[in-house]
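Predicted, not measured: the structure shown is a model, and the values here were computed from it. All residue numbers refer to positions in the sequence shown, counting from 1. Note that ligands are numbered from 1 as they come in the structure, with each ligand's atoms numbered from 1 the same way. Below, each value reflects all heavy atoms present in this structure, side chains not excepted, and no hydrogens, waters or symmetry copies.
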Amino acid sequence: MKKKLFVFSAVFILSILCFSTSYAQTKVFKVQANQIKAEIQPTMWGIFFEDINMGADGGIYAELVKNRSFEFYTPLMGWTVSGKSVKEGDVLVLNRKEINTANPRYIQVNVNNADKGSISLTNEGFRGMGIKKGLRYDFSVMYRQKTAHLKLHLELVNPKGEIIGTGLLIPTETGSDWHKQAVSFNATATEQKAKLNIWFEGNGMIDLDMISLFPEDTWKRRPGGMRADMIQLLADMKPGFIRFPGGCIVEGRDLANRYQWKKTIGPIEQRQLIMNRWNTEFANKQTPDYFQTFGLGFFEYFQLAEDIGAEPLPILNAGMACQFNSAEVVALDELDPYVQDALDLIEFANGGVNTRWGKVRADMGHPKPFNLKMMGVGNENWGPQYLERLRIFTKAIKAKYPNIKLVNSSGTDPNGDRFDYLNTALRKMNADLIDEHYYRRPEWFLENANRYDNYPRNGSKIFAGEYAAQSDKTVSVNNKNNWKTAMSEAAFMTGLERNADVVSMASYAPLFAHVDGWQWTPDLIWVDNLRSYGTTDYQVQKLFSTNKGTQEVPILLDNKAVEGKDGFYACAALDKATNEIILKVVNTSAKAQNADFVIDGAKLKAKANITVLTNENLEQVNSFDNPSAVSPKIQEVDLRNQKLQFELKPYSLNVIRIKKA
Ligand code: AHR
């Protein structure tokens, strides 16, 4: 009897276990495909470019010579003068400030019966120069000489001192004017850390400025253009917008150091460089040789936006320097030039070729308008000083350009007194878009996936302008772009898309970092002098952006929005263009879960296309050695009776596309 009872109990317990396991494992998600909740803006997922972490100079701007114009605060920074016959005064730094305020310095080189080894200038590049075997390199220089008796021998040299490319430039023009001359040559080897050596042959004196070297393989092969591999990663995201140029870069440490777009356009030798405000911001990540030469300026930003199909979103200084640094503000009665900059920028972007600034754009090679629709006034500014200035900007811009949408700052944090103060005031002002920033721990992202559920549905829209999960803490050098951070962002992003009637735009920050020149981590894309890879966070951003959809519809678990229950987060959309239903489902739990997706309100085709991004190790990162450690895998799954059955892997983002019949 005892034995029978034992067998019965064992079978009973086992069957309860089996039942409860399968019950626990099958989650039923219901999609109401005919109940449109909101239009998803084409701008929903975008990118934010700031020149931080050697993002521009030494990054996407493909110039290989550092300090080409001798305007760094140490004029020969990046350069070494050497040779057996170099005497004092053979290389002089001269200044013509009275006649050239933007680019006053140049060097004068005196050579006497020089040959190889007599006198040479070496440029170290931005932590070296990335050189590719067989590729053409375009050298150019501005020069001035009385007589033509000199030759410039160009050599690319690897760290062992071996020559991996040579060119010869013989300046031909003489007189008191400056001339530009160029020569191209091919590299014979690939090298991450090359240098450019220029040695002189002959007799005489020559003035040199704007010494430049570009690879041939720039984005769209534009001479003097951008690094193609980096831009391709952006283009692959199909971003809805690009916010530029910052960030704190816009504010500057003080007002003199602020970003002034008018100084970033026109001929590059007339663009006045400034110190990059990130150069010595962090004591433990010093980059004193970090400048903004503005070879990548506002024209190039607009052009980039156009190239990658993103709406341009320029951010302008609101008359306030960074409040973490000097907190310098321009007096209200002196704000006019700042406001005028904003008005002129709209004309530069959209004005006809007969307008003053439209003509400047046309002269730079783009007669067609850039079709600017929105603009930001201020970045992470706060307090009454911001509101006072913002009101003046808003009045002037809306009076002249009522259709331009304005993005306003809500400060540095997504909560707290500063945020509450601005949020209330901006909503009263009926701000078009309020820019919210969150650099927080992954847990915050999970807990706040419902942040926008209770936001007002009318009035100001939200731009989640800067966000990134911090594996350690904000501005910690230990922050990693691991799968835990990316997965938590994915969960949070389902909450953004689920609230597409409130949230119009969102972008991760910062975008780029150079392994040898960064100040801030985590970042979306890491590069060295030759390579680039997308982080786990990049893969998430790309999946959301390339699977956006056009209209949000409900997806429910136990009749509720999917925002954390049992570790699930989800959103659903229709895509009018492709006639598909797109589901994004994040399983943040350590358990695999069987899921049924029941789609009501639409007839479906029999196959679903599922892209899965997953890793069982939450610490997993992508890297140069393993750039695809966390990367999407695609599979096809059959539907039965309008129902998709699919196992959601532990720690996974699943993007499901089902065609409507
Ligand atoms: O993304 C890095 C910095 O973080 C941005 O410049 C600033 O807006 C924020 O504080």
Side-chain angles (χ1 to χ4, degrees), residues 46-57 59-60 234 239 241-254 257-259 274-282 284-285 287 290 292 301 313-318 320-327 375-383 386 407-416 418-419 422 433-441 444-445 462-477 479 481 485 489 505-514 517-526 535 537-538 541:
I47 51 175
F48 162 45
F49 179 86
E50 175 168 22
D51 188 4
I52 185 172
N53 302 318
M54 264 170 57
D57 288 60
I60 58 174
L234 303 184
F241 67 90
I242 175 169
R243 175 184 186 232
F244 59 87
C248 299
I249 277 284
V250 169
E251 300 160 80
R253 286 213 203 132
D254 56 16
N257 181 231
R258 74 188 191 278
Y259 198 102
I274 56 172
M275 167 205 104
N276 186 303
R277 55 138 301 128
W278 293 110
N279 64 349
T280 53
E281 179 80 11
F282 303 118
N284 52 353
K285 292 300 289 180
T287 45
Y290 194 7
Q292 299 186 79
Y301 280 122
L313 170 56
I315 308 293
L316 295 192
N317 186 294
M320 304 176 77
C322 177
Q323 285 157 282
F324 287 120
N325 299 140
S326 67
M375 172 188 270
V377 178
N379 167 68
E380 290 199 351
N381 297 124
W382 67 78
Y386 175 56
V407 174
N408 298 167
S409 159
S410 66
T412 55
D413 288 281
N415 45 23
R418 278 179 194 156
F419 175 84
L422 280 184
L433 286 140
I434 301 180
D435 180 8
E436 296 188 357
H437 294 182
Y438 3 84
Y439 295 98
R440 291 288 191 270
R441 298 261 317 154
W444 184 94
F445 282 85
I462 295 299
F463 169 34
E466 295 184 26
Y467 63 90
Q470 314 284 297
S471 67
D472 187 13
K473 56 179 186 280
T474 319
V475 307
S476 162
V477 291
N479 284 324
N481 286 103
T485 60
E489 287 150 10
M505 304 163 74
S507 46
Y508 182 98
L511 189 54
F512 286 114
H514 189 292
W518 60 274
Q519 299 82 37
W520 181 296
T521 182
D523 304 286
L524 203 63
I525 295 166
W526 284 83
T535 57
D537 311 80
Y538 171 86
Q541 292 292 323

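The protein heavy-atom contact nearest to atom 2 (C) of ligand 1 is Tyr439 OH, 3.7 Å.
Neither the backbone nor the side chain of Thr412 comes within 4.0 Å of ligand 1, counting heavy atoms alone.
For the pairing with Thr535, the side-chain contact (heavy atoms from CB on, under 4.5 Å) check across Thr485, Asn481, Ile525 returns one residue only, Asn481.
For the pair Asp537 (side chain) and Leu524 (backbone), a donor-acceptor distance under 3.5 Å is absent.
Under the 30°/60° scheme for interplanar angles, the aromatic rings of Tyr438 and Tyr467 are found to be tilted. The aromatic rings of Tyr301 and Tyr259 sit tilted, their planes meeting at an angle between 30° and 60°. Taking the six-membered ring where the residue is Trp, Phe463 and Phe241 present perpendicular rings, their angle passing 60° and hence far from 30°.
Close to ligand 1: Pro510, with a non-hydrogen atom less than 4.0 angstrom away. Not close to ligand 1: Tyr508, with no non-hydrogen atom less than 4.0 angstrom away.
Interface atoms of ligand 1 facing Gly247, defined by a heavy-atom separation under 4.0 Å, are 5 (C), 6 (O), 8 (O).
Below 3.5 Å of separation, one finds an N or O of Glu466 facing an N or O of ligand 1. The N/O atoms of Glu50, backbone and side chain alike, include one that comes under 3.5 Å of an N/O atom in ligand 1. Any N or O atom pair closer than 3.5 Å counts here, and Glu380 shares at least one such pair with ligand 1. Below 3.5 Å of separation, one finds an N or O of Cys248 facing an N or O of ligand 1.
In plain terms, the two heavy atoms of Trp518 and Lys285 that are nearest each other are O-CE, 2.9 Å.
Side-chain contact check for Gln519 and Thr287: at least one donor-acceptor pair (N or O, by modelled atom type) lies under 3.5 Å.
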